[in-house]
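Some notes on the structure that comes next.
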Amino acid sequence: MHKATFLNGTLRLTIRPDGPILIKAGETGGGDPTLPDMQFVRTKYAVSDGSGSQYAAGAIYLPGPSLKGVIRAHCERICRTLDGDALQKERKERRQQFDEAEKIPEDARLIPLADNPLGDGARYKGLDDMRYNSGRAIEAMRDKLKSTAAVYRLSSFVAQLFGSTALAGRVRFADAYGKNVVTEERNGVAIDRVYGSVAVGPFNYETVVSGEFPTRIDFKNVTLAQLGLLGLALRDLAEGRVALGFGKSRGLGRVTAAFDSLDILYPTCVLEGNALRLVGSGIRLPVGHFGGVGAFGGDAYRAYDFPVDDTAPLPDGLRFQEEETMGVRLHAEGADQVKAIWKACMPAWRREIGL
């Protein structure tokens with residue numbers, strides 16, 4: 001599904017510390033006694049964030065992979081909490097005709113909403129299976145799979161969005177470079193659990209206590225349910241329920257996030273009376289509705305098991321804008337409009353989890 005682009009989008013947000021945070025650099029202070037034992041990660045060279053802002057060498061930043069790992073892990077927690085035997089059987093029956101056509105083994109057809117991307121299990125054994133890795137399962141069957149649709153279909157819901165060793169992800173997280181950053185040095189010790197004495201330390205570490213970290217999240221060819229799940233995880237990050245970096249049990253890692261804007265671009269669509277129509281086909285969305293990838297794939301992409309009804313009404317105050325060259329854009333400005341789009345995706349997310 002990476003060979004065609006029906007929609008892509010960009011969410012711009014600003015992360016702010018709500019207390020001390022530390023994402024450790026790979027290199028420590030070493031033999032320099034003036035440097036803390038644990039330093040915040042910094043750029044080695046001068047960089048640009050792609051929006052015209054320049055940052056000198058040694059700038060503090062939040063790595064994109066760190067942000068992606070935190071959000072993916074929280075999406076997995078949400079999905080594991082809501083998953084169930086009945087839901088998995090329903091999804092298995094929905095995919096049955098495609099799995100039978102490609103002769104997928106019966107014991108490989110049951111797929112959870114979330115797997116373990118670091119696990120070593122290649123066969124799913126039930127809700128208490130914390131070792132199952134859909135990427136490994138697909139790699140074990142690679143010679144038997146006839147299409148990329150089967151690879152996508154046999155991936156867990158979270159892996160379809162964030163990727164696995166067998167499937168490229170549909171969401172990308174950029175590095176967040178700090179502005180007006182204030183740091184402070186803290187001290188700590190590690191206590192021996194048996195004797196209650198100092199086991200390691202004292203040691204010192206560098207934390208960021210204030211500043212702004214603007215960044216962006218790009219996505220492509222997602223369903224509305226996947227966009228809704230991403231919105232739920234980011235909502236919890238913004239409200240301080242999800243922590244970043246080192247020392248979470250010590251009180252570090254709390255952040256807030258402000259959602260600046262969200263753009264969804266339909267590059268191969270035209271606007272006809274406030275309705276999206278896919279160029280070169282008869283696919284036309286209902287008037288005043290936006291859609292996920294399932295609304296545009298048609299019969300040619302049915303084997304991916306995209307939702308049949310992957311549309312939602314436009315939130316109040318939002319409208320489509322035709323691009324000067326080609327395509328149609330949906331632009332949301334500010335936290336209220338961004339959250340309105342996520343709220344519009346919630347019915348699709350509820351359908352995905354059987355509600």
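This one's a predicted model, so the numbers in the text were calculated from it and none came from an experiment.
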Query - Within 6.0 angstrom of Lys68 NZ, more than 12 heavy atoms from elsewhere - result: yes
Query raised in the report: Below 4.0 angstrom, N of the basic side chain to O of the carboxylate: do Glu324 and Arg329 qualify?
Result: no
Requested in this report: Return yes if some donor-acceptor pair links the side-chain N/O of Asp115 with the main-chain N/O of Ser156 below 3.5 Å, else return no.
Outcome: no
Query raised in the report: Crowded around Asp129 CG? As in, over 12 foreign heavy atoms under 6.0 Å?
Result: yes
Query raised in the report: Would you find more than 12 non-hydrogen atoms of other residues, nucleotides or ligands less than 6.0 Å from Asp316 atom CG?
Result: no
Query raised in the report: Going from CG on Leu13 to CG on Asp260, what distance comes out if it is rounded to the nearest 0.5 angstrom?
Result: 7.0 Å
Requested in this report: Examine Val158 and Leu127 and state if one hydrophobic cluster contains both, with Ile, Leu, Val, Met, Phe, Trp and Tyr joined whenever side-chain heavy atoms are less than 4.5 Å apart.
Outcome: yes
**Report entry** Salt bridge flag under 4.0 Å for residues Asp236 and Arg241
**Finding:** yes
Query raised in the report: What are the two closest non-hydrogen atoms of Phe219 and Leu11, and how far apart are they?
Result: CE2-N, 4.5 Å
Query raised in the report: What class does the angle between the rings of Tyr205 and Phe246 fall in, given that below 30° is parallel, 30 to 60° is tilted and above 60° is perpendicular?
Result: perpendicular
Query raised in the report: Any salt bridge between Arg91 and Glu352, counting N to O under 4.0 Å?
Result: yes
Query - Within-4.5 Å side-chain heavy-atom neighbours: Gln337 and Leu262 - result: no
Query raised in the report: Just by distance, with hydrogens left out, do Ser134 and Tyr124 show a side-chain donor and acceptor under 3.5 Å apart?
Result: no
Query raised in the report: Going through the distances and angles, do Phe213 and Leu67 end up as a side-chain contact (heavy atoms from CB on, under 4.5 Å)?
Result: CA-CA 12 Å; Phe213 294 85; Leu67 297 174; over 6 Å; no
Requested in this report: Please name the residue in the list Val41, Ile23, Val181 that meets the side chain to side chain contact (heavy atoms under 4.5 Å, CB included) test with Ile60.
Outcome: Val181
Query - Partner of Gln96 by side-chain hydrogen bond (donor to acceptor under 3.5 Å, both in side chains), out of Glu100, Glu93, Arg94 - result: Glu100
Requested in this report: Provide the closest heavy-atom pair for Val338 versus Ser261 in the form atom of the first, atom of the second, distance.
Outcome: CG2-C, 3.9 Å
Report task. Identify whether Ile341 and Leu314 are in the same connected component of the hydrophobic contact network (ILVMFWY, side-chain heavy atoms under 4.5 Å). Result -> yes
Query - Backbone of Asp309 reached by a side-chain donor or acceptor of Arg351 within 3.5 Å - result: yes
Query raised in the report: For the residue pair Cys79 and Leu229, what are the closest heavy atoms and their distance?
Result: SG-CD2, 3.8 Å
Query raised in the report: Which atom names give the shortest non-hydrogen contact between Gly211 and Pro17, and what distance separates them?
Result: O-CD, 3.3 Å
Requested in this report: Determine yes or no for a side-chain-to-main-chain donor-acceptor pair under 3.5 angstrom, with Thr207 supplying the side chain and Val209 the backbone.
Outcome: no
Query raised in the report: About how many Å separate CZ of Arg277 and CG of Leu285, when rounded to the nearest 0.5 Å?
Result: 12.0 Å
Query raised in the report: Heavy atoms, side chains only, cut-off 4.5 Å: are Phe162 and Ser155 in contact?
Result: no
Requested in this report: Return the minimal non-hydrogen interatomic distance between Gln226 and Asn221, and the atom names on each side.
Outcome: OE1-O, 4.4 Å
Query raised in the report: Can you tell me if Asn133 uses its side chain to pair, donor with acceptor, with the backbone of Pro117 under 3.5 Å?
Result: yes
Report summary line: One should read off an interatomic distance between His74 NE2 and Leu237 CG, to the nearest 0.5 angstrom, of 8.5 Å
Requested in this report: State the CZ-CG distance between Phe320 and Asn274, to the nearest 0.5 angstrom.
Outcome: 6.5 Å
**Report entry** Leu234/Phe259 under side-chain contact (heavy atoms from CB on, under 4.5 Å): CA gap, chis, key distance, verdict
**Finding:** CA-CA 9 Å; Leu234 290 170; Phe259 305 115; 4.0 Å; yes
Query raised in the report: How about Leu145 and Ile104: do any of their side-chain heavy atoms sit closer than 4.5 Å?
Result: yes
Query - Leu265 side chain near Glu323 side chain, heavy-atom distance below 4.5 Å - result: yes
Requested in this report: Without swapping roles, check the side chain of Tyr266 against the backbone of Leu271 for a donor-acceptor pair under 3.5 Å.
Outcome: no
Query raised in the report: Do Leu62 and Ile21 come within less than 4.5 Å of each other through their side chains, counting heavy atoms only?
Result: yes
Query raised in the report: Under 3.5 Å, is there a donor-acceptor pair between the side chain of Arg216 and the main chain of Thr10?
Result: no
Query raised in the report: Is any side-chain heavy atom of Trp342 closer than 4.5 Å to a side-chain heavy atom of Leu227?
Result: yes
Requested in this report: Search all heavy atoms of Val151 against all heavy atoms of Ile138 and return the closest pair with its distance.
Outcome: O-CD1, 3.3 Å
**Report entry** Within 6.0 angstrom of Lys144 NZ, more than 12 heavy atoms from elsewhere
**Finding:** no
Query raised in the report: Looking at side-chain heavy atoms only, is the closest gap between Tyr152 and Arg170 below 4.5 Å?
Result: yes
**Report entry** Within one Ile-Leu-Val-Met-Phe-Trp-Tyr cluster: Leu82 and Leu232, side-chain cutoff 4.5 Å
**Finding:** yes
Query raised in the report: Roughly how far apart are Arg284 CZ and Cys269 SG, rounded to 0.5 Å?
Result: 11.5 Å
Query raised in the report: Run the ring-ring contact (aromatic ring centres under 6.0 Å, His included) check on Phe296 and Phe306 step by step: do they pass?
Result: CA-CA 10 Å; Phe296 301 99; Phe306 291 135; over 10 Å; no
Query raised in the report: Within a strict 4.5 Å, meaning less than it, do heavy atoms of the Pro315 and Lys343 side chains meet?
Result: no
**Report entry** Criterion side-chain contact (heavy atoms from CB on, under 4.5 Å) on Tyr177 and Thr43, from CA distance to verdict
**Finding:** CA-CA 9 Å; Tyr177 299 100; Thr43 61; 3.6 Å; yes
Query raised in the report: Of Gln39, Arg42, Lys24, which is the lone residue that meets side-chain hydrogen bond (donor to acceptor under 3.5 Å, both in side chains) with Glu206?
Result: Arg42
Query - Donor-acceptor pair, side chain of Asn8 and main chain of Asp218, under 3.5 angstrom - result: no
Report task. Test side-chain contact (heavy atoms from CB on, under 4.5 Å) on Met130 and Arg80 and set out the steps. Result -> CA-CA 10 Å; Met130 295 293 108; Arg80 289 193 189 101; 4.1 Å; yes
Query raised in the report: Are Val222 and Ile283 grouped together when hydrophobic residues (ILVMFWY) are joined by side-chain heavy atoms under 4.5 angstrom apart?
Result: yes
Query raised in the report: According to a 4.5 Å side-chain heavy-atom criterion applied to Ile, Leu, Val, Met, Phe, Trp and Tyr, with indirect links allowed, do Val255 and Val208 form part of one hydrophobic cluster?
Result: yes
Query raised in the report: Backbone N or O of Arg109 within a donor-acceptor pair of the Arg95 side chain at under 3.5 Å?
Result: yes
Requested in this report: For Arg72 and Gly163, indicate whether the former's side chain and the latter's backbone hold a donor-acceptor pair under 3.5 Å.
Outcome: yes
**Report entry** Criterion side-chain hydrogen bond (donor to acceptor under 3.5 Å, both in side chains) on Asn180 and Glu212, from CA distance to verdict
**Finding:** CA-CA 7 Å; Asn180 304 317; Glu212 296 184 345; 5.2 Å; no
**Report entry** Donor-acceptor contact present, side-chain Thr223 to main-chain Gly292, <3.5 Å
**Finding:** no
Query raised in the report: In terms of side-chain geometry, is the basic nitrogen of Asp99 or Lys92 positioned less than 4.0 Å from the acidic oxygen of its partner?
Result: no
Query - From Leu22 atom CG to Phe40 atom CZ, the distance as rounded to the nearest 0.5 Å - result: 6.0 Å
